[in-house]
Amino acid sequence: MDKAAQAELDRINALPTVTLKDKMAIPPQRGAELPHREYRTTMDESTKTMSLAQARLEASRCMDCKKPFCTAACPISMPIPQYLKLLAGGNIEGAVEMIRATSLLPSICSRVCPHEKQCQSSCAMGRTLKDMNKGIHMGETERFCMDYEREHMGGKKVPAMAPSTGKKVAVIGSGPAGFSAAVDLRTLGHDVTIFEAYDLLGGVLRYGIPQFRLPKDIVDYEYSILPKMGIEIKTGVTIGKDITIEQLKKDFDAIFIGNGAAQALKTGVPGEDLKGVYTAEEYLKKGNRGVEIESGKRVIVVGGGNVAMDAARMAFRLGAEDVRVVYRRTLNEMPACKAELREILNEGVVVMELHNPAEFIADENGHVKQAKLDLFQLGEPDEAGRPRPVKIEGQSETIDCETVVLAIGSRVSSEIKDTTPGLDTNRNGTYIVRAEDSCETSVDGVFVGGDAKHGPLTVVMAMKTGRDAAVQIHKALVG
Ligand code: FAD
């Protein structure tokens, strides 16, 4: 693959001028994939990083649009055509610097951002070729650059920091929102302490997104700058249980809440508390950490989002032979990214469309042994325009299983709100802010970002709103 890419790159580079027609003729490049049935039993990353020749060739396909739609579609406005130009020309270090100037977590975002819904979905090359799968694979080119930084450029550099302002900020949570707020606040000269409930940093990056999509040494790599920047880290401390916001306010000039939205929702279906029935959060957390978890040969995953896709793939890696995703609408309405859906189907997961659990049935030891599923059909559209799932009365099916994983959504947990007078939240637990673009909560000096602000979204959005909050905190502290 690399030889072919190198030959094509040499041919393109030898042309006196590269026309649009030449660019359109370059075959789209992708990192190699292992055979799906082989890798579904390993925790190793399931796709490989592109080679140098492939990355440069892929970057050469960029049409260098005057008004780049890809940058406009990126929540952090990455200057994609500019770094692709540097990469295509062989200036990898320049490309890395340009990416780093915009993003605090590029090794992670390049692997997990929903590119097919953001930058790549707007790529002019994809539009020109009338196939968005043939848009520039910008996640993969970014991943190449960041792997290059790790392997050939001496690693991630510690950003320059402004002189001390003498102000102290407490950051609650160490997911992408807390990480980004902490780094930006420290860069602006504030003293920063991160309080994290778990024993390791990273939030969903560490405990939720599986190792086979986001290796944990990549999380360690990005997070390694925190102590180097002099950011104090207190793990194993839950704000709202071990310390309250009121207490923190005595020691800190401002507080950032980035506690995410990882409290699992339950179905309310009889039997959901049986042994062998897990929430996706618990199942993925244990799987990611290599903690022993009882997971059977036949696993049912309930839900149709990306978390359900991750849980289904994790099930194979925990020893399952038969994995079924139960979803009450059809594949067409599934909220999961198409790429994630493709992965589970390639790995052999069966999707049971138009089914939803009615009951989980126990064996004599109180362990789940079967799921009774109601059958559904599509009805009139709901407020969001999606056809409603309508139960077909009297029709159900019962299937055997040893494990059930519930992946039907999550919300912000309440321990911080419950212990902080005057801290207002919405019905889904997200914190009410003072205006749409404000990150300040109803309590003076307490700011919020990430999923705790906008509900469960994406890593890049959590990073963005963590950074927005840092700017607003800085303004509040030093004017
Ligand atoms: P989190 O990442 O949830 O971090 C919150 C942190 O706060 C945690 O470390 C938590 O332990 C800590 N905390 C909570 N309460 C307290 C407290 N009271 N005191 C102290 N610390 C506390 N997004 C993508 O872009 N791409 C993906 O592929 C993707 N896959 C996902 C897969 C799964 C399984 C899940 C669950 C989510 C996925 N997401 C994905 C969504 C993305 O991970 C989240 O939107 C993002 O992590 C939110 O960042 P955050 O910093 O707001 O919160």
Side-chain angles (χ1 to χ4, degrees), residues 75 104-105 108-118 139 170-182 193-214 219 223 233-245 248 255-264 279-285 287-288 301 303 305-314 336-337 339-340 343 405 407 409-420 429-431 448-467 469:
L104 291 177
L105 293 166
I108 291 171
C109 287
S110 62
R111 286 172 162 83
V112 305
C113 260
H115 301 104
E116 65 174 30
K117 288 187 180 168
Q118 295 176 353
V171 168
I172 303 170
S174 67
F179 171 89
S180 306
T193 304
I194 295 179
F195 294 89
E196 167 55 51
Y198 286 134
D199 56 341
L200 293 176
L201 301 182
V204 172
L205 306 176
R206 170 89 48 196
Y207 294 105
I209 304 180
Q211 164 84 11
F212 51 83
R213 286 206 295 121
L214 177 61
V219 180
Y223 274 62
I233 295 163
K234 297 196 175 190
T235 52
V237 183
T238 303
I239 306 303
K241 283 189 184 149
D242 302 314
I243 316 178
T244 63
I245 294 264
L248 283 181
I255 296 170
F256 171 80
I257 305 179
N259 63 337
Q263 188 178 66
T279 62
E281 281 70 17
E282 182 186 5
Y283 192 73
L284 287 168
K285 189 166 100 190
N288 269 330
V301 177
N306 286 331
V307 178
M309 307 296 109
D310 280 342
R313 295 179 71 193
M314 180 63 89
C337 288
E340 295 303 310
E343 287 296 328
V405 185
S410 61
R411 56 170 285 132
V412 184
S413 63
S414 68
E415 69 271 0
I416 294 181
K417 177 201 162 43
D418 293 345
T419 54
T420 313
T430 53
Y431 299 89
V448 64
D451 284 359
K453 176 174 193 268
H454 39 61
L457 277 180
T458 55
V459 173
V460 69
M461 280 307 294
M463 177 170 76
K464 181 185 180 310
T465 52
R467 301 193 83 174

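Start at 1 and go down the list; that is how both ligands and their atoms are numbered. Fair warning: this is a prediction, and the values are worked out from it, not measured in the lab. Note that these values count all heavy atoms, side chains included, but never hydrogens, waters or copies made by symmetry. Position 1 is the first residue of the sequence, and the numbers go up from there.
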Requested in this report: Would you check, one step at a time, whether the test salt bridge (Lys or Arg N to Asp or Glu O under 4.0 Å) holds for E340 with R213?
Outcome: CA-CA 10 Å; E340 295 303 310; R213 286 206 295 121; 3.6 Å; yes
Query raised in the report: Under a 4.0 Å heavy-atom cut-off, what residues line ligand 1?
Result: V112, I172, G173, S174, G175, P176, A177, F195, E196, A197, Y198, G203, V204, G208, I209, R213, V237, T238, I239, G258, N259, G260, L284, V307, D310, E415, I416, G450, D451, L457, T458, V459, A462
Query raised in the report: Taking only residues two or more places apart in sequence, or in another chain, which ones meet S174 in a side chain to side chain donor-acceptor pair (under 3.5 Å)?
Result: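 Partners of S174 under the side chain to side chain donor-acceptor pair (under 3.5 Å) test: E196.
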Query - Pair listing, salt bridge (Lys or Arg N to Asp or Glu O under 4.0 Å) test, anchored in residues 454-466, at least two apart - result: K464-D468
Report task. Using ring pair (Phe, Tyr, Trp, His ring centres under 6.0 Å) as the criterion, list what pairs up with F256, not counting sequence neighbours. Result -> none
Report task. Kindly indicate, with the supporting measurements, whether the criterion side-chain contact (heavy atoms from CB on, under 4.5 Å) is fulfilled by F179 and L205. Result -> CA-CA 11 Å; F179 171 89; L205 306 176; over 6 Å; no
Query - Check: S410 side chain, A261 main-chain N or O, donor-acceptor pair, under 3.5 Å - result: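 Pair found, side chain donor or acceptor close to backbone of A261.
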